[in-house]
Amino acid sequence: MESKQKIFVGLTVTLSVIGVGLLVAAFATDKWVSASPYRDTDNSTVREGQDINTGNSSFGLFNGQQSLNYGTGARPYSLSVACEASEGVCVYVFMRPGTEAMKKLEDLIARYKKSNATGYSQIQHGLFSFPLWVCTIVFLSLSIVMGLVAIGFAIFNIAGRPIETITGPMGLYVWNGLSLLFTTVTLAVFGGLFGTQLSENFMMVDDYEIGWRSKGHTDLDYSFYFIVGAAGAFLLNIILLCVSGQSVSCSYWGSGEKEVDNGMILY
């Protein structure tokens with residue numbers, strides 16, 4: 001590999017490290033979604049410098065925080081995700097993961113199945129899609145794995161002499177391309193989950209019944225945009241590989257011929 005190409009590949013290592021770092025940060029932080037819930041009531045006002053019947057929420061893939069003010073001061077509590085695969089739904093409950101959270105989810109599912117009396121939909125019960133939630137986690141995990149593979153093979157191309165197609169320049173395109181693909185799918189899946197369900201309502205029906213709403217007051221937060229940044233890093237890697245003049249082929253036979261030309265015979 002020429003010195004110029006090594007410099008460009010070295011830059012892809014740096015960008016890949018940044019991309020993987022952003023993906024891990026997105027996984028670890030609870031700022032995928034932020035919201036300012038409000039209570040739909042005529043009594044909403046400001047008392048002693050505090051907004052009555054308003055709140056703040058933020059959550060990620062597994063946990064979150066929520067604070068609601070009913071008029072007697074803000075009441076903060078933790079949020080955690082409880083899921084029931086057989087029913088295909090999840091919910092953000094105001095308790096730690098465990099038996100109690102699962103019992104709450106079972107209660108919400110039972111209430112939803114009897115919702116003809118109340119007329120509340122699945123979303124209004126705070127239930128959202130389990131398949132979309134799982135797909136987000138799976139593709140985010142695959143993005144991290146592919147990013148690490150891209151780093152490893154980029155270093156190998158700089159320090160070593162790859163003789164197989166998949167370990168050479170073609171491999172650099174493949175691993176960065178897969179990383180970009182998986183991050184893009186992650187964005188699309190969670191974006192779909194947010195746009196169709198979480199932005200409509202993420203609060204449990206207990207709060208919904210007494211007037212708490214979040215529709216129109218919910219936004220994607222910085223943890224989600226970490227994924228956007230990671231996708232940009234992997235896309236830039238592919239552009240750098242093209243600019244460097246890296247061929248998309250690196251065959252065993254080409255390398256073998258070079259060795260013979262140098263007077264070396266490989267057995």
Side-chain angles (χ1 to χ4, degrees), residues 8-35 56-66 78-83 85 90 92-93 96-98 101 128-159 166-167 171-195 197-199 202 218-241:
F8 278 99
V9 174
L11 289 175
T12 68
V13 173
T14 301
L15 288 171
S16 294
V17 170
I18 292 173
V20 171
L22 289 172
L23 293 172
V24 172
F27 226 133
T29 53
D30 299 326
K31 291 288 186 178
W32 285 64
V33 176
S34 62
N56 291 286
S57 305
S58 62
F59 52 87
L61 296 177
F62 306 103
N63 301 291
Q65 296 289 328
Q66 182 160 280
S78 298
L79 298 174
S80 63
V81 174
C83 295
C90 296
Y92 283 95
V93 295
R96 293 181 179 180
F128 60 91
S129 172
F130 172 75
L132 291 179
W133 179 76
V134 169
C135 285
T136 300
I137 295 173
V138 169
F139 282 105
L140 180 55
S141 301
L142 289 173
S143 300
I144 294 173
V145 172
M146 288 299 102
L148 292 173
V149 172
I151 293 171
F153 277 99
I155 293 175
F156 178 58
N157 273 260
I158 294 173
I166 199 64
T167 61
L172 298 181
Y173 283 103
V174 169
W175 307 128
N176 282 287
L178 287 175
S179 299
L180 176 60
L181 173 63
F182 291 144
T183 52
T184 302
V185 173
T186 302
L187 291 171
V189 172
F190 189 81
L193 176 61
F194 174 81
Q197 299 175 45
L198 296 179
S199 64
F202 62 87
T218 307
D219 298 293
L220 294 168
D221 212 337
Y222 64 78
S223 295
F224 176 82
Y225 291 108
F226 284 162
I227 311 297
V228 177
F234 294 124
L235 175 60
L236 189 55
N237 277 351
I238 295 174
I239 294 174
L240 286 174
L241 289 172

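Position 1 is the first residue of the sequence; numbering continues from there. Quick caveat, the model's predicted, so the values are computed rather than measured. Values below: every heavy atom of this structure, side chains too, minus hydrogens, waters and symmetry copies.
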Taking C-beta and beyond as the side chain, do W32 and I227 meet within less than 4.5 Å on heavy atoms? yes
Working note: S16 + N176, criterion side-chain contact (heavy atoms from CB on, under 4.5 Å); need CA distance, chi angles, decisive distance, verdict. CA-CA 8 Å; S16 294; N176 282 287; 3.7 Å; yes
Do the non-hydrogen side-chain atoms of L187 and T183 ever get within less than 4.5 Å of each other? no
Taking all heavy atoms of A154 and all of V13, pick out the closest pair and write down the distance. CB-CG2, 3.4 Å
Looking at every non-hydrogen atom in both residues, tell me the closest pair between S80 and N63 and how far apart they are. CB-OD1, 3.9 Å
Stepwise side-chain contact (heavy atoms from CB on, under 4.5 Å) test for V9 and L241: CA-CA 7 Å; V9 174; L241 289 172; 4.3 Å; yes
Is there a donor-acceptor pair closer than 3.5 Å between any side-chain N or O of S179 and the backbone N or O of G147? yes
Could you check whether any side-chain heavy atom of V81 comes within less than 4.5 Å of a side-chain heavy atom of F59, counting everything from C-beta outward? no
Is the closest side-chain heavy-atom distance between S141 and F182 below 4.5 Å? no
Please give me the minimum heavy-atom distance between L240 and L11, naming the atom from each residue. CD1-CB, 3.9 Å
So L198 and T218, do their side chains get closer than 4.5 Å, heavy atoms only? no
On a heavy-atom basis, which atom in S57 and which in Q66 lie closest, and how many Å separate them? OG-OE1, 2.6 Å
Are any of the side-chain heavy atoms of T12 and L172 separated by less than 4.5 Å? no
Main chain of F194, side chain of S199: is a donor-acceptor contact present, judged purely on distance under 3.5 Å? yes
CZ of F234 to CG of L22, rounded to nearest 0.5 Å, is 8.5 Å
Measuring only between side-chain heavy atoms, which start at C-beta, is F128 closer than 4.5 Å to W133? yes
Atom pair CG/OH of L79 and Y92 - distance to nearest 0.5 Å: 8.5 Å
Applying side-chain contact (heavy atoms from CB on, under 4.5 Å) to F62 and F27, what does each step give before you reach the verdict? CA-CA 9 Å; F62 306 103; F27 226 133; 3.4 Å; yes
Measuring from Y222:OH to T29:OG1, what's the distance to the nearest 0.5 Å? 5.5 Å
Less than 4.5 Å apart, side chain to side chain, heavy atoms only: is that true for D221 and V33? no
Let's go through L132 and Q197 carefully: what are the C-alpha distance in whole Å and the side-chain angles of both, what is the deciding distance for side-chain contact (heavy atoms from CB on, under 4.5 Å) to 0.1 Å, and is it a yes or a no? CA-CA 11 Å; L132 291 179; Q197 299 175 45; 3.9 Å; yes
Show the nearest heavy-atom pair for residues I238 and Y173, with the distance to one decimal. O-CE2, 4.1 Å
Approximate separation, where rounding is to 0.5 Å, of F139 CZ and T184 OG1: 11.0 Å
